[in-house]
Amino acid sequence: MRYRNPELGEKLAAEYVLGTLRGRARARFEALMRYDPALRSRVTDWEAKLTPLARAGTDIAPPTRVWNALSQRIAGEARKPRWWQSLALWRGLAASGAAFALVLAIVIGVAPEAQPPMSMVAVMNDTQGQPAMTVSWPSMQAVREPYIRIKVTQQHPTMAPGTEWELWMLPPGKDNPVSLGLITTDVDQVMKLTPELASRIEGAWGIAMSIEPKGGSPSGTPTGPVVMKGPCVKLL
Amino acid sequence: MSEPLRDAQASRLAELLSQSALRNQSAFSELYSLTAPKLFGVALRILRRQDWAEEVLQECYMNIWNHAADYAVAKSAPLTWMTSIVRNRCLDWLRRPQQEATGDEYEIAVEAWQDENPGPVEQLMAAGDAAALGHCLEGLEARQRQSIMLAFFHGMSHSEVAGHMKQPLGTVKTWVRRGLERLKGCLEKGENP
């Protein structure tokens with residue numbers, strides 16, 4: 001379907017919010033919406049229009065067991081550090097120092113002369129602690145169009161059918177990971193960044209990759225297993 | 001609810017959401033007690049089963065707890081953002097084939113509201129915060145209004161609405177589409193008089 005057609009986009013957004021867009025069409029629309037700010041804002045408009053209707057009915061207090069279960073779950077989550085706050089990320093790096101140096105040489109070595117040199121790199125280890133991917137980027141002030149370069153160094157990268165690889169940056173502090181986008185298993189890829197992501201990535205302290213359903217994480221934070229991750233290191 | 005009261009409530013909810021993003025459990029608890037009865041009503045009307053509605057509500061609040069930080073970029077009113085999370089989760093839930101509710105359950109749930117009876121439209125018009133929506137719904141043809149209400153309020157699909165109204169699927173689809181177009185035109189006229 002031609003979702004670019006504004007009339008069709010408007011009709012689908014309305015039926016999405018109304019709830020009559022169902023099944024695969026709904027899933028497909030959700031996937032498209034994630035990458036299409038215009039479509040997303042149509043949906044937000046319709047939500048603002050129709051949502052008061054959803055709440056016009058009678059309020060019904062849920063049984064106390066719902067809150068009891070919830071409060072236990074959030075208390076449990078609050079105690080458990082999130083994976084991106086875990087020290088294992090750093091320990092992994094120390095263990096693979098030699099491999100790290102090797103990968104670093106690759107990253108710096110192949111940067112074509114004409115392009116500004118890479119200023120940051122994240123060497124990401126797989127769950128066995130082996131370097132599996134590097135993500136590097138130049139100083140974002142030095143380039144007109146911000147980008148990151150992704151190199152898959154894993155021996156036999158495989159992407160299971162129906163899944164995607166989604167790249168995340170770990171912003172400073174305890175903020176949630178921020179999606180950089182979906183990548184392929186190609187050895188060498190370049191991904192353009194929006195100016196907003198470009199300014200945020202310069203403060204990132206780590207990069208991670210998770211396995212997500214088709215279309216990427218439905219929630220905006222990693223939902224699938226995190227199979228590669230590594231801290232960002234300054235090169236220049 | 002009067003306008004200043006409503007704005008005060010919205011900014012309180014936004015504040016509680018941002019506190020929840022910082023893992024403040026007592027803020028989250030207050031957020032829950034202020035919003036759960038509304039959202040449980042929304043879930044129950046769509047799912048028509050208490051156990052499903054409880055499960056979905058719990059999941060949605062876990063989502064809200066974990067993604068409260070995303071609210072900052074959502075560009076909607078806090079309750080709209082939270083209601084959309086619940087509605088979308090309910091519709092996902094119904095998508096699972098084994099979760100299809102039987103016809104009987106629809107009838108029971110739908111009896112609670114008939115197009116002719118004082119119901120959501122009247123409540124909306126009285127509510128103030130959505131008087132424009134209530135007014136525009138009133139302006140639709142009865143069958144357009146009823147099909148939109150069944151779809152939105154009770155989470156019915158096109159074919160469920162068609163079954164309920166005993167009308168061909170294509171006819172119902174047209175009512176829904178035309179009704180939405182007219183609703184949009186009416187609401188936007190109200191925004192820019």
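Note that these values count all heavy atoms, side chains included, but never hydrogens, waters or copies made by symmetry. Order of the sequence lines fixes the chain letters, A, B, ..., with proteins taken first and strands second; residue numbering starts at 1 for each chain.
Chain A forms more heavy-atom pairs under 4.5 Å with one residue of B/Ser84, B/Ala21, B/Ala53, B/Ala77 than with any other, namely B/Ser84. The most heavy-atom pairs under 4.5 Å with chain B, out of A/Ala48, A/Gly23, A/Ala14, come from A/Gly23. Comparing B/Thr80, B/Leu183, B/Leu22 by how many heavy-atom pairs each has under 4.5 Å with chain A, the most go to B/Thr80. Of the listed residues A/Ser219, A/Ala27, A/Ser71, the one with more heavy-atom pairs under 4.5 angstrom with chain B than any other is A/Ser219. Options A/Ala69, A/Gly220, A/Pro63, A/Ser41 differ in how many heavy-atom pairs under 4.5 Å they form with chain B, and the most are formed by A/Pro63. The candidate with the highest count of non-hydrogen atom pairs below 4.5 Å against chain A, out of B/Ser157, B/Ala151, B/Ala43, B/Gly155, is B/Ser157. Ranked by heavy-atom pairs shorter than 4.5 Å toward chain A, the options B/Asn88, B/Val161, B/Asn63 are led by B/Asn88.
Using non-hydrogen atoms only and a strict 4.5 Å limit, the part of residues 33-42 of chain B facing chain A consists of B/Ala36, B/Pro37, B/Lys38, B/Phe40, B/Gly41, B/Val42.
Ion pairing of A/Arg65 with B/Glu54 is present here, as a side-chain N (NZ or NE/NH1/NH2) and a carboxylate O approach within less than 4.0 Å. The pair B/Glu188-A/Lys49 counts as a salt bridge, with a side-chain nitrogen and a carboxylate oxygen less than 4.0 angstrom apart.
With a threshold of 4.5 angstrom between heavy atoms, B/Leu44 approaches chain A through side-chain atoms but not through N, CA, C or O. At a 4.5 Å heavy-atom cutoff, the contact between A/Thr20 and chain B is made by backbone and side-chain atoms alike.
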Kindly determine whether B/His158 and A/Glu15 satisfy side chain to side chain contact (heavy atoms under 4.5 Å, CB included), including the steps that lead there. CA-CA 10 Å; B/His158 279 132; A/Glu15 300 241 359; 3.0 Å; yes

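Residue B/Asp92 holds its CG atom at 6.5 Å from CZ of A/Arg26, rounded to the nearest 0.5 Å. Distance CD/B/Glu181 to NZ/A/Lys11: 9.0 Å, rounded to 0.5 Å. To the nearest 0.5 Å, atoms CD1 (A/Ile60) and CD (B/Gln50) are separated by 8.5 Å.
A/Ile74 pairs with exactly one of B/Tyr32, B/Phe28, B/Tyr61 by the side-chain contact (heavy atoms from CB on, under 4.5 Å) rule, that one being B/Phe28.
Shown here is A/Lys214, whose NZ atom has more than 12 heavy atoms of other residues, nucleotides or ligands within 6.0 Å. Atom CZ of A/Arg200 is surrounded by 12 or fewer heavy atoms from other residues, nucleotides or ligands within 6.0 Å. Remark: B/Arg177 CZ is packed, more than 12 non-hydrogen atoms of other residues, nucleotides or ligands lying under 6.0 Å away.
Looking at A/Thr221 and B/Asn66, their side chains never come closer than 4.5 Å, going by heavy atoms from C-beta outward.
B/Arg87 contributes no side-chain N or O that, together with a main-chain N or O of A/Ala54, makes up a donor-acceptor pair within less than 3.5 Å. At distances below 3.5 Å, not a single donor-acceptor pair connects side-chain atoms of A/Arg22 with backbone N or O atoms of B/Leu91.
Residues meeting the side chain to side chain donor-acceptor pair (under 3.5 Å) test with A/Glu10, sequence neighbours left out: A/Arg42, A/Trp46, B/Lys184. With sequence neighbours excluded, the residues satisfying side-chain contact (heavy atoms from CB on, under 4.5 Å) with A/Pro225 are A/Ile211, A/Val227. Residues satisfying the side-chain contact (heavy atoms from CB on, under 4.5 Å) criterion with A/Ser179, sequence neighbours excluded, are A/Glu166, A/Trp168.
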